[in-house]
Each structure stands twice: as C-alpha cells, then as structure tokens.
Amino acid sequence: MTSIPKMIIDTDPGQDDAAAILFAFGLQNQKLVDIIALTCVAGNVPLHYTTKNARIICDWADKQNIPVFAGANKPLIKTLVTAEEVHGKTGLDGVPLHEPQTPLQTEHAVSFLIETLKKAQPNSITLCPVGPLTNIAQALSMAPECIQAIKEIVIMGGTFFEVGNITPSADFNFFVDPHAAKIVLQSGAPITIIPLDVTHKACLSIKRVQALRDLPNQNGTRLADILQSYERFDTQKFGLEGGPLHDPCAVAYAVFPELFKGKEVFVDVETCSELTQGASVVDWWHVWGKPKNAFWVNEIDDEQFFSYLTRAIATLP
Ligand code: BDR
Ligand code: CA
C-alpha cells in the first residue's frame, strides 16, 4: 500500500495560493494528503499579509490545528517586488476578511523547515513551494542535510515555452527571488517544476467557476468569488478566456502525478541580466549535456484537474 504524501506548502497568499491551500485541505479531508504546515514568504503581498491570509484560510477550512509559520520578509538579495495589481492590496481581494483565529507559530519558517526535515524519515516529505523560493533556499543552504528527508520539491515557478507574466521572459516567483530559485535548482534535491508552460493550460472558465459556486458549502462560493476577482486581471491583460490557476497545479501534481506529462531536463535561472532576470533556461534537447536536475512539466489533463479541485472543495465547510 502506498502512503499518502506528507506535505509542507510554502506560500505567499495570494488568490491562487488560497485556491491551492483550500484544495490541499480538501484533499486532506479525502485522506489523499497530510498537510504538516504552511510556511509563508513575502511575494504577492508583503509577509504580514501572506501570514495573516494563510491563517484566515485555515479558519475558513476549519483547519486551525495546521501550524502556520512566518518566513522571509524579502528575497535573498533583491528588493521585494509584489503583485497587488493582480491579488489586491491584502492579497485576497474579492471576499471579506476577518481577524484570524488560527495562531501564528513563534518559530521562524526556515528553522521549522530545517528541524522538521532533519528529523524526518528519508524521502518522506513533499515540499510544495508556490511563491518565491526564499525560505526553501535558506533552509537548504543552511542545512543541506535536510535533503535526505525530501521526497520531492514540487515548485510552481518558471516558464520556457510560454512568455513571462511579470517580465517578457520570467514568471513572478522566479523573478522575485532568482537567486533563491538558482540555489534550490542546484541543491541536488529531487525537483519537479510546474511552470507557466503548464499552468496556462489550466485556465478558469465561466463553467469551472460556476461549478464551485454551485457547491452547497461556504467555501465553494468563497473560492468562486476569489477566482472571479483573480481572473479579471489575466483576461484583461493577456486576453485569456479565463485566468490560469497556477498554484493549485502544484498541489495536484503532488497527489495526482498521472494528470501531467513532462521531461527530465537541466534547468537554470538567470540572476544577472537586466533584460532577462528570473528567466528559466531549460535545456529541452539536452544540447549542453549537463546533468538533468528537474522534471519540467508541460502537459495537464485540465478537465480532470478541475473535477478533482471541485470535489476536494466540496469536502470543506
Ligand atoms: C505565480 O505568481 C504569483 O502571482 C502566483 O501566486 C503564482 O504563484 C505565477 O507566476
Ligand atoms: Ca503564489
């Protein structure tokens, strides 16, 4: 019998992060994943909002027992770039927000990651970072021995065949902290990357949002409201029919890898160039002959993905 993945979600909520966390909590109710903790990072909005939002999302899902940790409040080297134009000032535009009941842990997210991974069984924990990689890079560089416990790091970030969303060549997560992304990619840990190449094939539509709204629970309506506010930006700016649902794709990969296709490749991240900082360079045809360091995902069964998402959200209050 295969055991269910034990997962830590490293996140910067963020509207699609909220969708990813609610999805993961629904999968936990379905006994398909075990969420150990949420570790927060500055990204879509500053750290005090991302930690507060993570705690609010735990309240919504009645998961006040999930520990929430605050991590890095800025990237390793660069100045923080945020995305309020997409996610709103609070990061969770579209729904009313309350003072969270879920406590904020006092330990720093990076020290929690290090302590947890150091004592965990080999290959037992899946990390699912869906924001800038600052916390993960710090943990892996401060304590490389942590890698032994990592079953897989499923990263939402990067883009290669698809154009960028924050610059012409970079996705937001790699652009905000390219130095962290580089450290993680060079760490030797088992890595899967969920880039824009695949998330742009997992787009919302009126029907998909309505399926959530039609659920008889509060979180179905709530997520539909968040996503309706979220996709407005992408549809206006990129002319897409519905916004790509980035972060939930990473959660889906960790639990349902059979929905995805990709290829083992060598990937690196540009850290220096003014023109292409944060761009992920993928050696798709192995022309450099360098050792492959990641599984790069580029295909998704989007119908099945949205069906699993809706089913998982249905298990929430
Ligand atoms: C990523 O950027 C953020 O705005 C989203 O939450 C997602 O993690 C996509 O590039
Ligand atoms: Ca995110």
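Values below: every heavy atom of this structure, side chains too, minus hydrogens, waters and symmetry copies. Every number for a ligand or one of its atoms is a count from 1 in the order of the listing.
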Sort by chain and number the protein N/O/S atoms found under 3.0 Å from the Ca ion (ligand 2).
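Atoms qualifying: Asp12 OD1, Asp17 OD1, Asp17 OD2, Val130 O, Asp247 OD2.
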Which word best sums up how the rings of Tyr308 and Phe256 line up, parallel for under 30°, tilted for 30 to 60°, or perpendicular for over 60°?
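Rings of Tyr308 and Phe256: parallel, under 30°.
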For the residue pair His98 and Trp60, categorise the inter-ring angle as parallel (less than 30°), tilted (30 to 60°) or perpendicular (more than 60°).
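The arrangement is tilted - the two ring planes meet at 30° to 60°.
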Residues Asp302, Arg208: salt bridge by 4.0 Å N-O rule
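Salt bridge between Asp302 and Arg208, a charged N being under 4.0 Å from a carboxylate O: yes.
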Any ion pair linking Asp268 and Lys182 (charged N to carboxylate O, less than 4.0 Å)?
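Answer for the salt bridge query: yes.
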Contacts of type salt bridge (Lys or Arg N to Asp or Glu O under 4.0 Å), residue Asp225, not counting sequence neighbours
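If we apply the salt bridge (Lys or Arg N to Asp or Glu O under 4.0 Å) test to Asp225, skipping adjacent residues, the hits are Arg213.
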Taking Gln15 as the fixed residue, which of Leu245, Val95, Asp93 is the one that meets the side chain to side chain contact (heavy atoms under 4.5 Å, CB included) rule?
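The single option meeting the side chain to side chain contact (heavy atoms under 4.5 Å, CB included) with Gln15 is Asp93.
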Distances under 3.5 Å, N/O of ligand 1 against N/O of the protein: list each pair and its distance.
unit_1	atom_1	unit_2	atom_2	d
ligand 1	4 (O)	Asn44	OD1	2.6
ligand 1	4 (O)	His87	NE2	3.1
ligand 1	6 (O)	Asp16	OD1	2.6
ligand 1	6 (O)	Asp16	OD2	3.3
ligand 1	6 (O)	Asp17	OD1	3.0
ligand 1	6 (O)	Asn44	ND2	3.1
ligand 1	6 (O)	Asp247	OD2	3.2
ligand 1	8 (O)	Val130	O	3.0
ligand 1	8 (O)	Asn173	ND2	3.0
ligand 1	8 (O)	Asp247	OD1	2.6
ligand 1	8 (O)	Asp247	OD2	3.2
ligand 1	10 (O)	Asn165	ND2	2.9
ligand 1	10 (O)	Asp171	OD2	2.5
ligand 1	10 (O)	Phe172	N	3.4

Can you name the nearest heavy-atom pair linking Cys40 to Ala54, along with the distance?
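Taking Cys40 first and Ala54 second, the nearest heavy atoms are SG-CB, 3.6 Å.
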I'd like to know if the side chain of Lys74 reaches the main chain of Leu80, judged simply by a donor and an acceptor atom lying under 3.5 Å from each other, with no hydrogens or angles considered.
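No, Lys74 side chain to Leu80 backbone: no donor-acceptor pair under 3.5 Å.
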By side-chain contact (heavy atoms from CB on, under 4.5 Å), which residues pair with Gln218, not counting sequence neighbours?
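Only Arg222 meet the side-chain contact (heavy atoms from CB on, under 4.5 Å) criterion with Gln218.
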